[in-house]
Amino acid sequence: MATRNIRQIGDSVLNKPCKEVKEVNDRIRDLISDMFDTMYEAEGVGLAAPQVGILKRIFVVDVTGEEPYLFINPEILETDGEQTGYEGCLSVEGKSGLVTRPNHVKVRAYDINMNEFTMEAEGFLARAILHENDHLNGVLYVEKVEGPLLTNEELAKLLEEQEQSKE
Ligand code: NI
């Protein structure tokens, strides 16, 4: 297991567009393996290569802890619907904010053997895929936030209040 440092907002590497992967060599395989290790150790649900300082079009996602997905050179083919929810990012530590995104996504990408695949996702998985895909274009979710960025404490309090108001 090898983890890498997660770059934080303000680091210019997070605002640059990433380059296509031409071939999966040992370096790329090591990067992907380290990205999964880094994501799981940080208890995140997704991580894009620029977040560990590498400007390549690669991201990993696992929203349940048991369904790891790898996307190389992803391309968003279709989006549909709308969802609004709180979102965070391992590069914006301890904060979250309300972001509206499509509820459904169809994405084409390459796997570790550079075989093309197409996948459709909804809800939180779609949100994670779109969030990570933004990273490859140098975009952080804070650019899309509606309202203030909340600390974890503020978010917990807000969700608790919302829960109580339902009773
Ligand atoms: Ni992120």
Side-chain angles (χ1 to χ4, degrees), residues 1-79 83 85-97 99 101-145 152:
M1 161 146 174
T3 60
R4 302 196 185 191
N5 285 336
I6 300 176
R7 305 300 183 93
Q8 291 299 308
I9 186 168
D11 189 323
S12 63
V13 77
L14 294 171
N15 302 116
K16 291 178 179 156
C18 296
K19 294 204 167 78
E20 298 263 311
V21 175
K22 299 251 163 55
E23 60 158 342
V24 175
N25 52 27
D26 285 345
R27 269 179 84 131
I28 298 285
R29 271 187 287 271
D30 283 349
L31 169 66
I32 291 165
S33 167
D34 290 355
M35 283 172 64
F36 274 112
D37 289 347
T38 304
M39 174 182 73
Y40 287 127
E41 191 189 62
E43 297 180 351
V45 297
L47 188 76
Q51 293 182 273
V52 293
I54 308 289
L55 290 170
K56 299 259 188 216
R57 302 192 78 80
I58 302 171
F59 65 77
V60 296
V61 165
D62 188 344
V63 298
T64 65
E66 292 169 356
E67 289 168 278
Y69 291 110
L70 163 69
F71 298 82
I72 297 174
N73 299 341
E75 193 183 338
I76 305 298
L77 299 178
E78 286 172 29
T79 59
Q83 58 174 320
Y86 285 96
E87 200 167 296
C89 178
L90 293 176
S91 293
V92 190
E93 260 183 332
K95 296 277 171 66
S96 40
V99 181
R101 295 190 183 272
N103 191 53
H104 179 261
V105 64
K106 184 174 179 184
V107 55
R108 180 172 63 209
Y110 294 85
D111 66 15
I112 193 123
N113 300 311
M114 285 306 260
N115 291 319
E116 190 183 293
F117 67 94
T118 303
M119 167 176 163
E120 296 192 52
E122 294 202 6
F124 191 56
L125 181 56
R127 173 182 292 282
I129 288 168
L130 291 162
H131 172 118
E132 298 312 326
N133 193 67
D134 277 351
H135 274 296
L136 306 186
N137 299 320
V139 174
L140 296 179
Y141 83 96
V142 296
E143 294 177 37
K144 301 185 168 182
V145 160
N152 290 338

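What you see below is based on every heavy atom in this structure, not just the backbone, and it leaves out hydrogens, waters and symmetry mates. Just so you know, residue 1 is the first one in the sequence shown, and it goes up from there. Note that the structure is predicted; figures quoted are calculated from it, not measured.
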Decide yes or no on side chain to side chain contact (heavy atoms under 4.5 Å, CB included) for V142 and K95, but give the supporting numbers first.
CA-CA 10 Å; V142 296; K95 296 277 171 66; over 6 Å; no
task = Walk me through it: do N133 and V105 pass the test side chain to side chain contact (heavy atoms under 4.5 Å, CB included)?
result = CA-CA 11 Å; N133 193 67; V105 64; over 6 Å; no
Check the pair M119, L125 against side chain to side chain contact (heavy atoms under 4.5 Å, CB included), reporting the backbone distance first and the verdict last.
CA-CA 11 Å; M119 167 176 163; L125 181 56; 3.7 Å; yes
- Message: Pair Y110, V24 - check side chain to side chain contact (heavy atoms under 4.5 Å, CB included), show working.
- Response: CA-CA 10 Å; Y110 294 85; V24 175; over 6 Å; no
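Atom CD of E93 has 12 or fewer neighbouring heavy atoms from other residues, nucleotides or ligands inside a 6.0 Å radius. Counting heavy-atom neighbours within 6.0 Å of N113 CG, excluding the residue itself, gives a total above 12.
One finds the OH atom of Y141 at 8.0 Å from the CD1 atom of I9 (value rounded to the nearest 0.5 Å). Rounded to the nearest 0.5 Å, atoms CD1 (I76) and NZ (K106) are 12.0 Å apart. Between the CG atom of D37 and the CG atom of D30 there is a distance of 10.5 Å, given to the nearest 0.5 Å. To the nearest 0.5 Å, atom CD1 of residue I28 and atom NZ of residue K56 are 5.0 Å apart. Here the CZ-CD distance, from F124 to E122, works out to 15.0 Å after rounding to the nearest 0.5 Å. Here L77 contributes atom CG and T118 contributes atom OG1; the two are 6.0 Å apart, rounded to the nearest 0.5 Å.
Counting only residues at least two apart or in different chains, side-chain hydrogen bond (donor to acceptor under 3.5 Å, both in side chains) contacts with residues 38-53 comprise Y40-D62, Q51-S91. Within the structure, side-chain hydrogen bond (donor to acceptor under 3.5 Å, both in side chains) pairs that include any residue of residues 8-22 comprise R7-D11 (at least two apart or interchain).
Here the shortest heavy-atom pairing between M35 and I58 reads CE-O, 3.7 Å. Of all the heavy atoms in L55 and P17, the pair that sits closest is CD2-O, 4.3 Å. Between L47 and V52, the shortest heavy-atom contact is CD2-CG1, 4.0 Å. Contact detail for D134 and R101: the closest heavy-atom pair is OD2-NH1, 3.0 Å. I129 and A121 make their closest contact through CD1-CB, 3.9 Å (heavy atoms, listed as atom of the first residue, atom of the second, distance). Pairing each heavy atom of A128 with each of V63, the nearest pair is CB-CG1, 3.8 Å.
Annotation: side-chain hydrogen bond (donor to acceptor under 3.5 Å, both in side chains) contacts of D26 (sequence neighbours excluded): R29. Every residue two or more places apart in sequence or in another chain that forms a ring pair (Phe, Tyr, Trp, His ring centres under 6.0 Å) with F117 is listed here: F71. In this view, H135 and H131 satisfy the ring pair (Phe, Tyr, Trp, His ring centres under 6.0 Å) rule, not counting sequence neighbours. For the side-chain hydrogen bond (donor to acceptor under 3.5 Å, both in side chains) test, no residue two or more places apart in sequence or in another chain qualifies with E23.
Side-chain atoms of R108 do not come within 3.5 Å of backbone N or O of E75 as any donor-acceptor pair. Although no hydrogens or angles enter the test, the distance criterion places no donor-acceptor pair under 3.5 Å between the side chain of N103 and the main chain of Q83.
Between N73 and M114 there is a side-chain heavy-atom pair separated by less than 4.5 Å.
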